[in-house]
Amino acid sequence: MAKPAQGAKYRGSVCDFPDFNPSQDAETLYNAMKGFGSDKEAILELIISRSNRQRQEICQNYKSLYGKDLIADLKYELTGKFERLIVGLMRPPAYADAKEIKDAISGIGTDEKCLIEILASRTNEQIHQLVAAYKDAYERDLEADITGDTSGHFRKMLVVLLQGTREEDDVVSEDLVQQDVQDLYEAGELKWGTDEAQFIYILGNRSKQHLRLVFDEYLKTTGKPIEASIRGELSGDFEKLMLAVVKCVRSTAEYFAERLFKAMKGLGTRDNTLIRIMVSRSELDMLDIREIFRTKYEKSLYSMIKNDTSGEYKKALLKLCGGDDDAAGQFFPEAAQVAYQMWELSAVARVELKGTVRPAGDFNPDADAKALRKAMKGLGTDEDTIIDIIAHRSNAQRQQIRQTFKSHFGRDLMADLKSELSGDLARLILGLMMPPAHYDAKQLKKAMEGAGTDEKALIEILATRTNAEIQAIKEAYKEDYHKSLEDALSSDTSGHFKRILISLATGNREEGGEDRERAREDAQVAAEILEMADTSSGDKSSLETRFMMILCTRSYPHLRRVFQEFVKMTNYDVEHTIKKEMSGDVRDVFVAIVQSVKNKPLFFADKLYKSMKGAGTDEKTLTRIMVSRSEIDLLNIRREFIEKYDKSLHQAIEGDTSGHFLKALLAICGGED
C-alpha cells in the first residue's frame with residue numbers, strides 16, 4: 001500500500017485489511033473458483049478489501065498451497081470487464097501500468113490517450129518502477145518501444161517524461177520563475193511559429209511547485225492561462241499531452257476526476273479508462289478525486305458509476321470507490337481551497353475573445369450583390385452561393401451588401417432571401433443578415449409573443465449581454481416594435497422573475513473593478529438569502545432585493561470576488577447553492593448570471609451541447625447562439641466545447657444536422673478542432 005508523505009493523511013479508498021491471513025484468503029479464493037461456476041461475489045469482496053501489498057502475499061500463498069498461478073485462474077474463471085478489473089487489481093501497480101502501456105502500443109494503431117494519462121500523471125519514483133517492470137515483464141526497453149510507435153514532438157515529450165527526472169525541490173527561485181515565463185511567452189505567443197523545445201524542457205523538467213508559480217505569473221503577465229497558449233500554439237497529440245501535464249501539475253486528482261467523468265458521460269462507457277483509473281488511484285488519491293468530482297459535476301462519482309455500469313462489475317467499482325458523497329455543491333476543506341484559488345486566478349485573467357466570422361478581405365459589395373441576385377433569379381435557388389457569401393462576410397459587410405442590392409436592383413435583399421429559402425436555413429441566413437441588436441430584439445419579441453413564453457431565450461439573451469449591447473437592443477426593440485422592451489417584459493412575465501429581467505434590461509451593470517470589503521458584504525447577503533449563514537442582517541424581502549441588485553448590477557470582476565468570498569464563508573459553491581435552494585425561472589436566471597460571470601463561452605458551449613444532445617435538435621437555440629456569438633466569442637466557445645465534451649462543435653453539428661443548414665452552420669463554426 002502506498003505510504004502517504006509524513007504528516008499527510010492517507011487519501012486512498014482501499015486500506016490494509018486488519019487481521020490479514022494470506023493463507024486463509026488463498027483458500028477462500030480457491031474454494032470460490034472450485035467446481036462448476038465461480039462465486040464472483042466472494043472474489044470481489046475479498047480482493048477489493050485487501051491492499052495491493054496484501055494481494056501479492058495472497059498470490060504467493062496460493063502458489064505454495066495449490067501449485068497454481070492465481071492470476072491465471074482468475075482469468076480462466078472470470079470474463080469481460082469484471083475480469084479486467086479484478087486482474088488489474090492483482091498486479092503490482094508498476095506492472096499494471098506496464099501492461100496498460102504494452103496494450104496501448106501493441107497491434108494496429110496506438111492508444112495515445114492511455115500513454116498520455118499514465119506518463120503525464122506518474123511521479124519520478126512511479127516512472128522508474130514502471131520502466132523496470134516493463135523490462136522484467138516483457139524483456140523489452142520501454143523507451144525504445146514508445147520511440148518506435150510515436151513520432152515528432154509528441155515522442156520527444158514522452159521520452160522526457162520517461163526519464164523520471166522532474167525536479168522535486170520545493171524551494172523555488174523567483175528569478176527562474178520569471179525567466180521561464182518569459183521563455184514560454186517568447187517560444188509561443190511572441191514567435192512566428194513555435195519553439196516546441198522550450199515547452200518540452202520547462203514542462204518536462206521543472207518541479208510541480210515551480211510550475212504552479214510559473215502558471216500563475218504567466219497569467220498575470222500575459223492575461224492568458226498557459227492552457228490557452230498551448231491550445232493556440234501546439235496541436236494534435238502533442239497539444240493533448242502538454243495540457244495533461246499542466247492539469248496534473250495543477251491538480252492530479254482533478255485531472256483524474258475529469259477523465260472519469262468523460263469516461264462515463266454520454267452514450268457508452270469507456271471501460272478501459274474507467275478500470276485503469278479506479279485501479280491505479282485506489283490506494284493513492286481516490287478520496288480527493290471523489291471530492292473534486294462531486295464539486296465539479298454536481299453528482300458523486302459513486303452515483304455516476306451506479307447509473308453507468310451493471311452486475312458484478314458495478315459492485316466491484318462501487319466497492320473500489322469506497323463510498324457515496326451526497327450534498328452536491330458542498331466543498332471539503334481541500335476542495336474549497338482549490339475553488340477559492342480558481343476565483344483568485346479568474347480575477348486576473350484577461351481572456352481574449354475571438355469570433356469565427358471576420359471581415360472578408362478584398363470585399364466587393366457590388367460583386368456580392370450581383371452574385372446573390374443571380375443565385376435567386378430564375379428557376380431554383382443556388383443555396384451554396386448564398387451560404388458562401390453570407391457566412392463569410394462580417395455583419396457590417398452584409399449591411400453594405402443589402403444597401404448595394406437595393407441600389408442596383410430596387411429590391412429588398414431580405415425579402416428575396418425570405419421568399420427563396422425556407423425552414424432552418426432561412427432562419428439562419430436571415431438572422432445573419434440582421435444587425436445584431438435588431439436580431440436580439442426579434443428573438444426577445446418571438447420569445448414573448450403567442451401562447452406561452454420562451455423563458456430560456458429571455459434568460460439567455462438578457463443575462464449575457466453587455467451594457468452597450470443591452471442599450472442597442474432596447475433602441476432596436478423600440479424602433480422595430482414601437483414599444484419599450486421593459487414594457488413588453490412587464491406585460492409578459494410576473495413576480496420576482498419579472499423584476500430580475502427588467503433589472504437586467506436596464507443595462508446598468510457597473511463596469512469597474514472589485515471592492516474587497518463590499519464583496520464580503522455582498523457574499524454575506526448571498527449567504528443569508530441562500531440560508532447558509534448563521535445570522536441574518538435584515539428581513540427576507542429586503543435581502544431578496546439586495547441579492548437581485550448584487551447579481552444584476554455589480555461588475556463581473558466584482559462578482560467573481562463575491563463568489564470567492566462566498567466559498568470562503570460557507571464552504572459551498574454559489575451556483576450549486578442557488579440550484580438547491582431556489583426553483584423555477586428565478587433559479588434559472590440567477591444560475592445563468594453566475595455561469596456567465598464564471599465563464600461566458602462555457603455557458604454558451606453548454607447551451608449548444610444541450611441543443612444537440614439526445615433525440616431531436618433544438619434548432620432555434622442552435623441558430624440563435626451560432627448567429628449571435630459568431631463575431632464575438634464563438635472561437636472561445638469552440639475551445640470550451642471540445643474541452644468539456646471531448647468532441648468538437650464541428651463534429652456535434654455534423655452529427656446532428658443535415659443539408660444546406662449543416663453547410664451554413666459549419667461555415668459559421670469556422671473549422672474543426
Side-chain angles (χ1 to χ4, degrees), residues 355-447 449 461 469 471-483 485 619-620 622-632 634 653 657-671:
T356 54
V357 175
R358 299 174 184 84
D362 302 320
F363 172 57
N364 186 334
D366 191 65
D368 284 348
K370 287 175 180 173
L372 286 169
R373 176 70 180 137
K374 185 180 176 184
M376 293 185 284
K377 201 173 176 184
L379 197 64
T381 306
D382 182 357
E383 288 94 346
D384 289 334
T385 296
I386 294 171
I387 292 166
D388 285 340
I389 292 173
I390 291 175
H392 294 103
R393 304 295 183 270
S394 68
N395 195 276
Q397 290 175 333
R398 292 182 206 124
Q399 304 317 311
Q400 286 182 256
I401 295 169
R402 278 180 76 175
Q403 190 59 52
T404 305
F405 194 90
K406 187 94 169 184
S407 301
H408 275 329
F409 308 113
R411 300 173 68 90
D412 182 351
L413 175 56
M414 292 285 281
D416 281 6
L417 287 167
K418 199 170 186 177
S419 71
E420 292 292 328
L421 304 175
S422 62
D424 295 326
L425 178 64
R427 280 192 289 273
L428 180 64
I429 294 297
L430 290 168
L432 289 167
M433 288 303 304
M434 294 180 75
H438 289 266
Y439 178 72
D440 277 348
K442 184 176 182 182
Q443 297 307 303
L444 291 168
K445 180 75 164 64
K446 287 173 81 172
E449 68 186 7
I461 294 169
E469 288 166 343
Q471 297 304 334
I473 291 167
K474 285 163 67 175
E475 288 171 20
Y477 199 95
K478 186 82 172 174
E479 181 185 333
D480 294 345
Y481 307 112
H482 312 294
K483 185 178 185 179
L485 176 58
E619 288 89 356
K620 287 182 181 177
L622 176 58
T623 299
R624 186 172 61 243
I625 295 173
M626 294 296 287
V627 169
S628 65
R629 311 314 294 183
S630 59
E631 293 184 51
I632 299 172
L634 190 52
I653 291 168
T657 59
S658 60
H660 289 105
F661 182 51
L662 164 64
K663 183 177 179 182
L665 285 170
L666 291 182
I668 300 166
C669 183

Does any N or O in the side chain of Gln399 come within less than 3.5 Å of the main-chain N or O of Met433, such that one atom is a donor and the other an acceptor?
yes

Non-hydrogen atoms of Glu420 and Gly380 that approach each other most closely:
OE1-O, 4.2 Å

State, to 0.1 Å, how close Pro365 and Thr404 come at their nearest heavy-atom pair, and which atoms those are.
CB-OG1, 3.6 Å

For a side-chain contact (heavy atoms from CB on, under 4.5 Å) check, start with the C-alpha distance between Ile429 and His660, then their side-chain angles and the critical distance, and finish with the verdict.
CA-CA 11 Å; Ile429 294 297; His660 289 105; over 6 Å; no

For the NZ atom of Lys446 and the CZ atom of Arg624, what is their distance to the nearest 0.5 Å?
9.5 Å

Look up atom NZ in Lys418 and atom CG in Leu430, then write down how far apart they are to the nearest 0.5 Å.
7.0 Å

For atom CD of Glu449, is the number of surrounding heavy atoms from other residues, nucleotides or ligands below 6.0 Å larger than 12?
yes

Does Asn395 reach the main-chain N or O of Leu432 with its side chain, forming a donor-acceptor pair under 3.5 Å?
yes

With rounding to the nearest 0.5 angstrom, report the CZ to CG distance, Phe661 to Leu622.
5.0 Å

Hey, does the side chain of Thr356 reach the backbone of Ile668 with a donor-acceptor pair shorter than 3.5 angstrom?
yes

Under a 4.5 Å cut-off applied to non-hydrogen side-chain atoms, are Leu428 and Leu421 in contact?
no

How long is the span from the CE atom in Met376 to the CD1 atom in Ile386, to the nearest 0.5 Å?
5.5 Å

What are the two closest heavy atoms between Ile461 and Ile473, and how far apart are they?
CG2-CD1, 4.2 Å

Are the side chain of Arg427 and the backbone of Lys620 linked by a donor-acceptor contact shorter than 3.5 Å?
no

Asp368/Gln397 under side-chain contact (heavy atoms from CB on, under 4.5 Å): CA gap, chis, key distance, verdict
CA-CA 10 Å; Asp368 284 348; Gln397 290 175 333; over 6 Å; no

To the nearest 0.5 Å, what is the distance between CG (Asp416) and CZ (Phe405)?
4.5 Å

Are Lys663 and Asp384 ion-paired here, with the side-chain N under 4.0 Å from a carboxylate O?
yes

Nearest-0.5 Å distance, CG of residue Leu485 to NZ of residue Lys478:
10.5 Å

Can you list the steps and then say if Ile389 with Ile401 is a side-chain contact (heavy atoms from CB on, under 4.5 Å)?
CA-CA 10 Å; Ile389 292 173; Ile401 295 169; 4.3 Å; yes

Has the side chain of Arg398 got a donor or acceptor atom that lies under 3.5 Å from a matching backbone atom of Arg393?
yes

Test log, rule side-chain contact (heavy atoms from CB on, under 4.5 Å), inputs Leu665 and Asp424:
CA-CA 10 Å; Leu665 285 170; Asp424 295 326; over 6 Å; no

Set of ring-ring contact (aromatic ring centres under 6.0 Å, His included) partners for Phe363, sequence neighbours left out:
none

Does the side chain of Met626 come within less than 4.5 Å of Ile653's, by heavy atoms?
yes

Between Val357 and Glu631, the two heavy atoms sitting closest are O-CG, 3.4 Å

Closest non-hydrogen atom pair between Ala371 and Thr385, with its separation
O-CG2, 4.1 Å

Looking only at heavy atoms, which two atoms of Tyr481 and Lys445 are closest? And how far apart?
CD2-CE, 3.7 Å

